[in-house]
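A single structure is presented below for examination.
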Amino acid sequence: MKDGGVDFRVWAPTSRTAVVEIAKDRCVNLHSEPAGYFSGFVPGILPGALYKFSLDGGELYPDPASRFQPEGPHGFSQVIDPLTFAWTDKGWPGVELPGQVIYEMHIGTFTKAGTWSSALTELARLSALGVTVLEVMPIGEFPGSFGWGYDGVQWYAPAHLYGTPDEFRRFVDQSHSLGLGVILDVVYNHLGPDGNYLDKFSPHYFCELETEWGAAINYDCDQSAPVREFVIANAAYWIDEFHLDGLRLDATQDLHDTSPSHILRDLARATREQAAPRRIILVAENEPQQVKLVKSADQDGYGLDALWNDDFHHAAMVALTGRNEAYYTDYLGSPQEFISSAKYGYLYQGQRYKWQKKRRGTAGHDTPPAAFVSFIQNHDQVANSAFGKRCHELTSPGKLRAMTALLLLGPGTPMLFQGQEFASSSPFLFFADHRAELNRQIIQGRASFLQQFRSLATPELQASLADPSDRVTFERCKLNHSERETHREAYELHRDLLKLRREQAAFCAQDQRRLDGAVLSHCAFLLRFFGTRCDDRLLLVNLGTDLHLNPAPEPLLAPPADSEWRILWSSEHPRYGGTGTAPLDTEDNWKIPGEAAVVLQPHFRSVRD
């Protein structure tokens, strides 16, 4: 917006004419520019005005770069003035990766109302919990009255279901006031099947390649330059106009680009330039586990900050449940897997992966631990349990407390999924609202996807799957925040562990050079975090039965000179629902409780008790 009007511009290289229709009764011809663009200044247009484009005298379509779709993706676009919002976060420095604790959330189910305004009421409690960065699932406008957001079709328009763009800004502004960063999950690998009008403006938005969700975006074929500009400008737009602290990039393996400079590298550079002097973090989901995404440009990398670590999740779930079917096939949930994950991040860095019948991952032994985002729950993995069950419904309380300690004290960047901190009784299922024919296809596709799990392929199980298009499925997933009190033991566990992580120097260092581990039995292991001046911490994890370690020929068990180990924290404390913890290092050698995690610290004999 400028000078009492609006500049309109659109890319439509195969069209001869372009018209913008404003307020459904005023049409203005746009001027042709080089490279297939049309533009024009229209005076007298105020914020809130509705408009669409018409090409070559044909149908009306919403703006591909619409800032808001108040009537949904098929309706008119709305003029938005981003400069009218009164930000209060002028001194906010942004976020950098070390020390962060991420919290993944879906705005539509985070509260009963499912809006930005209702989510505001919970921000102070998230800050008090100890999380530091909110990762919001995709919000680009999508069809229907509910959905995960990964079938978005308007990348620039915050979904109208959650509120206005300014209400999103208020959410970010309030988060910053509480010390919380906000990053947004964005999908640049495909668009949803309903409400996607990009091909009406240009067929060159897409290429001949296919992803598992639809046509791939054109990053390197004929006329890809305007497409790349469209995507990079979108990423920078979220950072600029919404003061976001970074992005989570969905399924980056399906960003097919053979250009000299990969789209991710260009995107990373542009968003950091837009944010400066604020700091931002860029997190990628990358199924093949390509660590070059987090290498710097001078190392031939893409310059992102972090990668989701599915290996940790898969090993953890096998250990917790005893099941290793489908994509869990190549994991045993063994102590060595957790030691290796703590030291090296990915477990698969080029070895054969029998589930995929090919090699998986690339070498990344020198990658900083913080660059690996670890989790035992996220939106995908909870939903893939068929009935959307949370971890506390799939394993024993003791094992889950121990695994939670490993997650939240480990050297990676931990991530929680909404409600995990209070053992939410709400499931998280796959849900999507489309027209009838698409709904049928989605139901069939979801059932087919889950058949990779032998136990989920049985007729009785398939007949029990929730209907993703049923609003009841969506409503069941909404959190009940009163469970923060009724499930107080789980909440205290998470809050205390995050406090320990924040305040104990050995844990917050995230330095693999000061970390080692040892297998103690087929179910037990230790991680030793070496501190300064021998102020070490010893994390013992036993996912099996009580272990009497005698003899104990493992030097990592030995306390620092002139000291003895004492319990600093235990997952078996009664405040978490545990049964108490006796001393571990005894005159009868080591006695490590089963299904428990215990943190020991040295007590130096020269210091008075």
Side-chain angles (χ1 to χ4, degrees), residues 104 106 108-109 137 144 146-151 193 211-214 251 285 287 308 310-333 353-357 375-397 399-400 403 417-420 423-480 483 543:
E104 187 187 22
H106 175 266
T109 56
M137 286 172 63
F146 54 85
W148 277 13
Y150 293 93
D151 51 2
T211 72
E212 60 182 291
W213 312 283
E285 178 190 32
E287 197 281 334
W308 272 21
D310 284 334
D311 281 351
F312 177 85
H313 170 269
H314 296 352
M317 291 308 295
V318 173
L320 291 174
T321 68
R323 309 293 290 272
N324 71 338
E325 50 187 346
Y327 54 74
Y328 296 112
T329 297
D330 292 81
Y331 304 87
L332 300 174
Y353 197 70
K354 61 183 179 181
W355 173 246
Q356 296 178 342
K357 298 181 175 61
F375 48 88
I376 56 177
Q377 293 187 31
N378 69 25
H379 68 275
D380 271 328
Q381 301 302 344
V382 175
N384 288 353
S385 67
F387 300 114
K389 289 186 175 181
R390 307 294 191 119
C391 286
H392 67 273
E393 299 176 284
L394 301 173
T395 190
S396 69
K399 279 187 178 180
L400 182 57
M403 190 62 71
F417 181 61
Q418 63 176 38
Q420 179 178 345
S424 172
S425 64
S426 303
F428 195 78
L429 298 153
F430 179 69
F431 48 82
D433 181 28
H434 289 283
R435 59 182 186 268
E437 179 54 34
L438 264 177
N439 283 337
R440 284 192 290 272
Q441 295 175 22
I442 289 169
I443 292 169
Q444 294 169 0
R446 184 66 181 169
S448 176
F449 169 80
L450 292 175
Q451 286 178 5
Q452 65 180 293
F453 297 90
R454 292 180 64 248
S455 59
L456 305 187
T458 60
E460 59 271 22
L461 195 290
Q462 290 279 303
S464 302
L465 295 176
D467 180 353
S469 65
D470 188 339
R471 188 171 184 89
V472 172
T473 301
F474 164 64
E475 294 289 344
R476 288 175 58 201
C477 299
K478 295 197 173 191
L479 295 184
N480 177 1
E483 291 181 341
L543 300 175

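Every value quoted in this text rests on a predicted model; they were computed, and no experiment measured them.
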Main-chain N/O of Asp467 paired with Thr473 side-chain donor or acceptor, under 3.5 Å: yes
Residue pair Asn378, His313: steps toward the side-chain contact (heavy atoms from CB on, under 4.5 Å) verdict: CA-CA 9 Å; Asn378 69 25; His313 170 269; 5.8 Å; no
Test item: Thr395 side-chain N/O and Leu320 main-chain N/O as donor-acceptor pair under 3.5 Å: yes
From CD1 (Ile376) to CD (Gln381), nearest 0.5 Å: 12.0 Å
Donor-acceptor contact present, side-chain Trp148 to main-chain Leu429, <3.5 Å: yes
Heavy-atom check, side chain of Pro193 versus side chain of Asp151, under 4.5 Å: yes
Test item: Trp355 and Tyr328 side chains (from C-beta on) under 4.5 Å apart, heavy atoms: no
Closest contact, heavy atoms only, Ser455 versus Arg323: CB-NH2, 3.2 Å
Note, Gln420 side chain near Phe428 side chain (heavy atom, < 4.5 Å): no
Donor-acceptor contact present, side-chain Asn324 to main-chain Leu332, <3.5 Å: no
Interatomic distance, Lys389 atom NZ to Thr321 atom OG1 [nearest 0.5 angstrom]: 12.0 Å
Test item: Gln418 and Met137 side chains (from C-beta on) under 4.5 Å apart, heavy atoms: no
Check: Tyr327/Asn384 side-chain N/O donor and acceptor closer than 3.5 Å: yes
Euclidean distance, Asp433 CG relative to Leu438 CG, rounded to 0.5 Å: 10.5 Å
Gap separating the CZ atom of Arg454 from the CG atom of Leu461, nearest 0.5 angstrom: 12.5 Å
Neighbour count above 12 (heavy atom, 6.0 Å) for Arg471 CZ: yes
Student check: side-chain heavy atoms of Leu465 and Arg446 closer than 4.5 Å: no
Separation of Glu475 CD from Phe146 CZ (nearest 0.5 Å): 8.5 Å
Contacts of type side chain to side chain donor-acceptor pair (under 3.5 Å), residue Gln377, not counting sequence neighbours: Arg390
Donor-acceptor pair, side chain of Gln451 and main chain of Ala457, under 3.5 angstrom: no
Nearest heavy-atom neighbours spanning Cys477 and Ser426: O-CB, 3.9 Å
Residues forming a side chain to side chain donor-acceptor pair (under 3.5 Å) with Ser385, sequence neighbours excluded: none
Glu325 side, atom CD; Leu456 side, atom CG - distance, nearest 0.5 Å: 6.0 Å
Worked check of side-chain contact (heavy atoms from CB on, under 4.5 Å) between Phe375 and Asp310: CA-CA 8 Å; Phe375 48 88; Asp310 284 334; 3.3 Å; yes
Main-chain N/O of Phe449 paired with Gln452 side-chain donor or acceptor, under 3.5 Å: yes
Side-chain donor/acceptor of Asn480 to backbone N/O of Ser425, under 3.5 Å: no
Whether His379 and Tyr150 hold their rings parallel, tilted or perpendicular, with breakpoints at 30° and 60°: parallel
Test side-chain contact (heavy atoms from CB on, under 4.5 Å) applied to Leu394 and Met317, step by step: CA-CA 9 Å; Leu394 301 173; Met317 291 308 295; 4.1 Å; yes
